Amino acid sequence: MEIIIFNSAEEVFEEAASRVVRLIKKKKNAVLGLATGRTMEGVYRHLIKAYQAGEVDFSSVTTFNLDEYLGLQPDDPRCFRAYMERNFFSKVNLDPSRTFIPNSLPQDIDEEGQRYEALIKKKGGIDLQLLGLGRDGHIGFNEPSSSLAARTRVKTLTDETLLDNFGSLKGPRFALTMGIGTIMEAREIILLALGEKKARAVAQMVEGPITASCPASVLQLHPVVRIIIDQPAASLLQQKSYYLWVWRHKQEVEKLSWPRKERVKKE
Ligand code: GLP
């Protein structure tokens with residue numbers, strides 16, 4: 001895991017957005033896994049800015065959102081489809097036929113999960129998955145006790161998640177979410193978390209045991225994960241100064257590997 005700690009939220013957004021832009025420059029038909037939530041709004045803002053500045057072209061990109069509430073009409077502003085239109089899709093040149101989100105009103109919930117899984121496979125799998133973090137350690141809507149091997153299926157939201165997302169317990173209780181097994185198949189993962197409210201979940205995810213009680217802790221098993229957070233979210237990390245040191249000296253490592261690679265090539 002690479003733990004990247006910034007002083008401001010803007011730097012967190014900037015770092016995540018620039019990694020997405022770099023990927024699309026390298027692979028113009030990249031498949032992105034997208035997330036929702038307040039944290040992600042800043043990333044989308046930076047991606048829109050990059051698009052407007054002509055730095056990135058989304059026309060061949062495919063996107064898969066992590067999750068969607070069940071039982072909402074498609075025009076309900078609480079739907080993640082509506083969130084994505086508002087915050088991102090309507091402002092860049094993504095092809096609408098290549099933006100996928102689980103259906104909020106499927107005829108058959110199990111089949112919808114299987115259809116979504118098959119679609120991800122058909123499009124070649126997810127190159128880069130963006131994740132937020134729930135206060136209870138959830139990723140997507142995989143709440144504590146979720147199977148660490150699960151695929152896209154229905155989950156029941158906790159009171160804490162409803163309160164965080166709607167400010168009351170009256171929001172939709174059920175959601176379709178990519179499973180942790182699905183998320184772990186992404187080739188690269190970037191998780192963002194901001195603020196003191198997330199500090200406990202961040203510490204459990206990075207430094208705690210791998211456990212379904214903190215679903216995000218499974219990311220310790222993924223080979224290419226970047227955890228990009230601000231100082232308050234990092235405040236309970238025991239090895240914080242080590243992570244900061246590693247990040248500040250990253251370029252030194254890159255310099256070290258350069259002559260060795262050259263030598264190997266010549267031999
Ligand atoms: C929702 C989403 C999660 C996201 C979380 C964080 O619960 N389903 O994928 O990680 O929100 O949201 P925020 O950034 O608003 O704290």
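Treat the numbers as computed from the prediction; the structure is a model and nothing was measured. Every number for a ligand or one of its atoms is a count from 1 in the order of the listing.
An N or O contact shorter than 3.5 Å links L133 to ligand 1 by distance. At under 3.5 Å, not a single nitrogen or oxygen of T161, backbone or side chain, sits near a nitrogen or oxygen of ligand 1. By the 3.5 Å distance cut-off applied to N or O atoms, F141 is not counted among the residues near ligand 1. Note: an N/O pair closer than 3.5 Å links R38 and ligand 1 by distance alone.
Across G132 and A35, no two heavy atoms sit closer than the pair N-CB, 4.2 Å. Here the closest heavy-atom approach between residue Q204 and residue Q220 is recorded as O-NE2, 4.2 Å.
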Report task. May I have the step-by-step check of side-chain contact (heavy atoms from CB on, under 4.5 Å) for M40 and F88, ending in yes or no? Result -> CA-CA 10 Å; M40 286 300 147; F88 190 43; over 6 Å; no

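By the 4.0 Å N-to-carboxylate-O rule, R151 lies close enough to E185 to be salt-bridged with it. Using a 4.0 Å cut-off between charged nitrogen and carboxylate oxygen, E15 and R226 do not count as a salt-bridge pair. Using a 4.0 Å cut-off between charged nitrogen and carboxylate oxygen, K240 and E207 do not count as a salt-bridge pair. In summary, R38 and E41 do not engage in a salt bridge, as defined by a charged side-chain N under 4.0 Å from a carboxylate O.
With a heavy-atom cut-off of 4.0 Å, D164 does not touch ligand 1 at all. Here R135 has no heavy atoms under 4.0 Å from ligand 1, in either its backbone or its side chain.
Annotation: atom 1 (C) of ligand 1 to nearest protein heavy atom, N165 ND2, 3.5 Å. Protein heavy atom nearest atom 12 (O) of ligand 1, with residue, atom name and distance: G37 CA, 3.8 Å. Looking only at protein heavy atoms, the nearest one to atom 5 (C) of ligand 1 is H138 NE2, 3.8 Å. For atom 4 (C) of ligand 1, the closest non-hydrogen atom on the protein side is T36 O, 3.9 Å. Regarding atom 8 (N) of ligand 1, its nearest protein heavy-atom neighbour is D67 OD2, 2.8 Å.
Of the candidates F141, F174, Y83, F141 is the only one forming a ring-ring contact (aromatic ring centres under 6.0 Å, His included) with Y69. Across D136, T156, T177, a single residue satisfies side-chain contact (heavy atoms from CB on, under 4.5 Å) together with E143, and that is D136.
Heavy-atom distances between K198 and ligand 1 reach below 4.0 Å in at least one pair. Residue contacts with ligand 1 include G140, since one or more of its heavy atoms lies under 4.0 Å from the ligand. Using a 4.0 angstrom heavy-atom cutoff, K197 does not count as in contact with ligand 1.
Interface of G132 with ligand 1, defined as ligand atoms under 4.0 Å from a residue heavy atom, comprises 10 (O). Within ligand 1, the atoms closer than 4.0 Å to a non-hydrogen atom of T39 are 13 (P), 14 (O), 16 (O), numbered from 1 in the order shown.
Relative orientation of the F100 and F64 rings is parallel, given thresholds of 30° and 60° on the angle between their planes.
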